[in-house]
Amino acid sequence: MSPLPANSAHTPALSPEERLDKRRLILRDTASLASLFAITAVLFVITWFFFRSFEHHREELAQRWLTRGQTEMQKGHPVQAVYALRSALAYSPGRRDMEIQLATALAAAGRTQEAIAYFSNLHDAAPGDGIINLQLARLAAKQKNSGAETQRDYEAALDGTWQGDGYTRRREVRLEMAAWLIGRHDFDRARTQLLVAAGNAPDDPAIKLQIAGLLEQAQDPESALRIYSAVARRKPVSLDALEGAGRTAFEISRYETARLWLERVTGHPEFSTRPEAERSANQDMLNISVRLLNLYPGPGLNMRPRAERVLYAKKTASARMAACAAAQPQNALALADLTTRWHQLPASPKPLQLEQQPELEESVMQLVFDTERATAGLCGAPAGDDALLLRMAQIPVAHDQD
Amino acid sequence: MEIKEASRGAATGANAQAVRPAAAEVNLSRIAPTRDERLFLVLSIFIGVISGLLVVSFRVAIEWIGILTLGSAPHPGQLRLLFVPAAAGLLVAALVIWFFPGARGSGVNQTKAALYIYNGYISFRTVIGKFITSAIAIGAGHSLGPEDPSLQIGAGVASMIARRLRLSRQRLRMFAPIGAAAGLAAAFNAPISAILFVIEEVIGNWSAAVLGSVVLAAISSVVVARWFWGAEPMFRIPSVSLRNPQELIAYAVLGIAGGLLAPIFSRALGFLRPRLRAMPPWTRYGQPALAGLLVGAIGYFGFPQVMGSGYGVIDQAMHGQYVWQFLVALTLLKLLATTLSFSSGTPGGMFAPTLFIGAMLGAAVGTFEKHFFPHLTGTIGAYSLVGMGVLFAGFLRAPLTSVFMVLEVSGNYSIILPVILANTIAYLLSRSLQPVPIFETFTHQDGLELPSMEEQREELVLHLEDALRPVEVPVASGSDSIEAASRLVAGSRASAFLVQLADGTWYAMTAEELTAAAAAHSPSAALVTALRPDRTPMLFPDLPLESALHHFPRWPLLPVLNRANRSVLEGVVALDDILRRYRTP
């Protein structure tokens, strides 16, 4: 049973005193509610000023600690940076840039487990973020985790989102990944990444030289030579590109090409400023190339000089075999087949004889190469012209390419 | 004891307050009978708004004091970490002893005492004292939280407003939980959890009379809090999902860990608190200072994260900033620090430390599992979040609140399965290891007899079916003659019998009544003509046993009917049956 309202017909009418009491009560309640409202308004204003002032102070503190953290990182003090960045985050929680900087600082400070935990958590929130995947890849590489995990993180970084400079950052990630693969002697995968990077690289000599250098490390000197050559043809001429072109051409036995690039290297105005070891290496490669080209009886030569070079090679190899056979009694036995083949050749063929019998010329050179290979195995690495003949023997068709 | 001391002065005021409305009620019931009811809802909004504003100021004050005293970035090795909490402890102890005796403790039991003992009276001085002393203690590094004080501040605001409006004693008492819900809702930025907690732990039941106002106040306070802090949840929760059901095993492990840790925490408090309280009164000046020194030492020697409420650290743990070994250390050290701070009588709450310990435990389990079982997909944040709920369920023993709190602070429903699983395990395990809940332990230590909400929830309610006996008494029809009915009753020798009437109603008639009817009516007259106009109440087997009690002065026995077919009897009950059932253990 709900109580009946006061003005119900069943309720006796209020007396004059009660009506007065009721008016007083209404007035008092109105005044109380009004004062309550006023108190609320005043409290609101005070709280608002208090809160705004505090928020402003928090923002200042966050910025101050962030700046300090960044400065410490630049100075190479990651431990102090961790402390500062953590403080910054306490005043500005959820700032993604700060979180990434903190995790990076943790990694730099050697707190790898914390960094991994932090980056993993950031990764959970943003699995497609390029920088987070890259950092995870770096940490996995540092931890010497399974290659598959590191590669997966690197690939996720390549496919991930990057803010603003995605094109550049992806190339950097690709080169970093290639360097990591080279470190693991996974040259095939490294080459693949480098060739993709080379295909997408901007027309910037520095970047091209970097890619070419990595290709050399990935045991792909031919691709590296192409890039070096392209850069070396640009003005102003880059000494690094010339050196790279000469070095890689030499490495793949394209001695004529190597000679051309190395002559330009030694003639470059900046060559003298290079370290002695580097200059010496370039000079040696040039000398070898020149001498080898002078020895080689290439098909482009006239018949007479070609025959003379064949005869010189025969004489040099013959002397090498005699010396090797004499050095150890068992060598003579090992070289018996070659000795027989030497005896089957004309004792002192004339240049004219070689000019008239190309087959003989070919047989002589084949015997020269076989002799140099066999004696190198029995009597150690040769020196002088024997070494050059051996080089020719090992890649006899290489210099045909030039 | 502390509540007694705090409320000694208050009791006088409460009685005075109680007299005033009593005198006024005579007039009010005539001149404005619906006044209280109407004001109740309006005032609930005011209570919510003012509580919200005070809680925002309270939280800001804590952080300001923290920055001013401990610096903007406390780190190990700073001497101030040692001395600031100790000095703050000394100051707070002096303030509490000299000026604000009601500010001691967390605030939850004080609010319950206000509700059940002091007619909802919480003094203005207690509110101010709670604000100041808790802000100083928590800001200066004591390992306590701001939620329980917020709850008491809200209840105090409600009490003051209700007194100012001179509401009735009954209404005055109801306002304490309304304000408590408002204060807690603003502190947590989670209205549902606050409402549930107040119902689970303060009121103890779903009272329709107060629920509307509690909801209104909680929502008002959260609106105010969000106006300042934004609508984001209290914690920045990373993406949470359960992709692999096998992961529930990992969450179950977390539930077990929480269920084991919660009783340790309870026992530590249950052990230290009464011992410190039993020491000579003069030592109460030094206890908070010593606790502050020890907590400061923990910070000074490497773990400043345990100081203060620790929300920032919870956030960092959720975002995977710590390794599991460090998280385990934080879990144990926070437990120690909170035990010291709280047992020393320093004003401050238990909620934040509980959440902290749970979050660290969860993050430790999550980090460990992520490291050693990387195929499990749950984020550290998810484990940390579930860990908070686990400790909440296991330590504070508010299982329903614990589930909703996690859902509310995460804003993510997909975590419901792990939360329910882990919380249930923790709750059951904790109950079996520590039967007395922590708030009840404190109540007993304070020498009070407040109702145990956990017991109330689980109290066995007896129903009519528990006292029901088969229908052995005669059953006559209303159309039977009085003579036939007399024969029927005489044959059974029963002192009363049931009469089924044509309209489906029933009547329980005594033999004496039948004799009188036979004397007054013709023997061939229908029995129905001799019955009084009233009928036995409609009772069903599932109704509470007590619902039948007040019918017995009128009826000798009562028929219990089938709900599907009211002409079918399930049995009968007499007063003796009910009393016998109550006597049976």
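Letters A, B, ... are given to chains in the order of the sequence lines, protein chains preceding strands, and every chain is numbered from 1.
Within the 4.5 angstrom heavy-atom criterion, atoms from both the backbone and the side chain of A:Leu43 approach chain B. Both the backbone and the side chain of B:Phe228 come within contact range of chain A, each with at least one heavy atom under 4.5 Å from a heavy atom of that chain. Using a 4.5 Å cut-off between heavy atoms, B:Val323 contacts chain A through both its backbone and its side chain. At a 4.5 Å heavy-atom cutoff, A:Phe119 makes no contact with chain B through either its backbone or its side chain. Proximity to chain B is absent for every atom of A:Arg64, based on heavy atoms less than 4.5 angstrom apart. Contacts of A:Ile26 with chain B are absent, with no heavy-atom separation under 4.5 Å from either backbone or side chain.
The two residues A:Ser53 and B:Trp64 make their nearest non-hydrogen contact at OG-CZ2, 3.7 Å. Closest approach of A:Trp65 to B:Ser72, counting heavy atoms only: NE1-OG, 3.0 Å.
The environment of CZ in A:Arg96 is crowded: more than 12 heavy-atom neighbours from other residues, nucleotides or ligands sit within 6.0 Å. The 12-atom threshold is not exceeded at CZ of A:Arg189, counting heavy atoms of other residues, nucleotides or ligands nearer than 6.0 Å. Around the CZ atom of A:Phe37, the shell of radius 6.0 Å holds no more than 12 heavy atoms that belong to other residues, nucleotides or ligands.
A centroid separation of 6.0 Å or more is found between the aromatic rings of B:Trp227 and A:Phe51.
Here A:Leu36 contributes atom CG and B:Ile45 contributes atom CD1; the two are 11.5 Å apart, rounded to the nearest 0.5 Å. The line from CZ of A:Phe54 to OG of B:Ser57 is 12.0 Å long, rounded to the nearest 0.5 Å. Separation of atoms OG1 (A:Thr47) and CZ (B:Arg59) is listed at 14.0 Å; rounding is to 0.5 Å. Here the straight-line distance linking atom CG of B:Leu43 with atom CG of A:Asp29 works out to 8.5 Å at 0.5 Å rounding. To the nearest 0.5 Å, atoms CD1 (B:Ile380) and OG (A:Ser120) are separated by 7.0 Å.
Contact tally against chain B (heavy-atom pairs below 4.5 Å) for A:Arg86, A:Glu114, A:Arg111: the top residue is A:Arg86. Between chain A and the options B:Ile50, B:Thr367, B:Val42, heavy-atom pairs under 4.5 Å are most frequent for B:Ile50.
A distance-only check finds no donor-acceptor pair linking the side chain of B:Tyr322 to the backbone of A:Tyr118 [under 3.5 Å].
Residues B:Phe46 and A:Leu33 are in side-chain contact: their nearest non-hydrogen atoms beyond the backbone lie under 4.5 Å apart. Contact check for A:Tyr91 versus B:Ile67: side-chain heavy atoms found under the 4.5 Å cut-off.
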